[in-house]
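Comments concern the structure below.
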Amino acid sequence: MTITIHADCLDGLSLTAEEARLDMAIGMYVDRRITLGRAAKIAGLSQADFLRKLGSLQIPIHYDVPEFEADLRVVRERQ
């Protein structure tokens with residue numbers, strides 16, 4: 001996909017393509033439109049680096065009770 005943004009919309013911003021991809025990925029992740037893995041891929045980062053970026057921006061990860069319970073089952077199965 002190619003996204004075209006008119007130059008006048010970006011006047012005064014020092015925004016690189018990488019920063020735009022990161023901003024878009026974070027926005028869609030925060031809105032729960034995409035998963036962490038997909039957001040990291042869009043941003044061009046590993047999941048670990050994307051998590052670190054979210055942390056540096058104080059953006060919480062999506063981790064709810066069903067995910068916790070699933071993780072707990074996996075841990076118990078491996079014991």
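When a residue number appears, it is its place in the shown sequence, counting from 1.
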Identify the two heavy atoms, one from A25 and one from I34, that lie closest to each other, and give their separation to 0.1 Å. O-CD1, 3.9 Å

Shared ILVMFWY cluster between L72 and Y63, side chains joined below 4.5 angstrom? yes

Side chains of R73 and R76: closer than 4.5 Å at any heavy-atom pair? no

Does a sphere of radius 6.0 Å around CZ in F68 hold more than 12 heavy atoms from other residues, nucleotides or ligands, not counting ones at 6.0 Å or beyond? no

F50 side, atom CZ; I61 side, atom CD1 - distance, nearest 0.5 Å: 11.0 Å

Should D64 and E67 count as side-chain neighbours, where that means a heavy-atom distance under 4.5 Å? yes

On a heavy-atom basis, which atom in G37 and which in Q47 lie closest, and how many Å separate them? CA-NE2, 3.5 Å

Which value, rounded to the nearest 0.5 Å, describes the distance between L51 atom CG and L36 atom CG? 4.5 Å

Shortest non-hydrogen contact from L15 toward A20: CD1-N, 3.9 Å

Interatomic distance, CG@L57 vs CG@L22, rounded to 0.5 Å, equals 7.5 Å

Atom CE in M24, atom CZ in R21: separation rounded to 0.5 Å? 8.5 Å

Can you establish whether the number of heavy atoms outside H6 located under 6.0 Å from its atom NE2 is more than 12? no

Within the distance-only criterion (no hydrogens, no angle test), does the side chain of Y29 pair as donor or acceptor with the backbone N or O of H62 below 3.5 angstrom? yes

Identify the heavy atoms of M28 and I42 that sit nearest to each other, and give their distance. CE-CD1, 3.6 Å

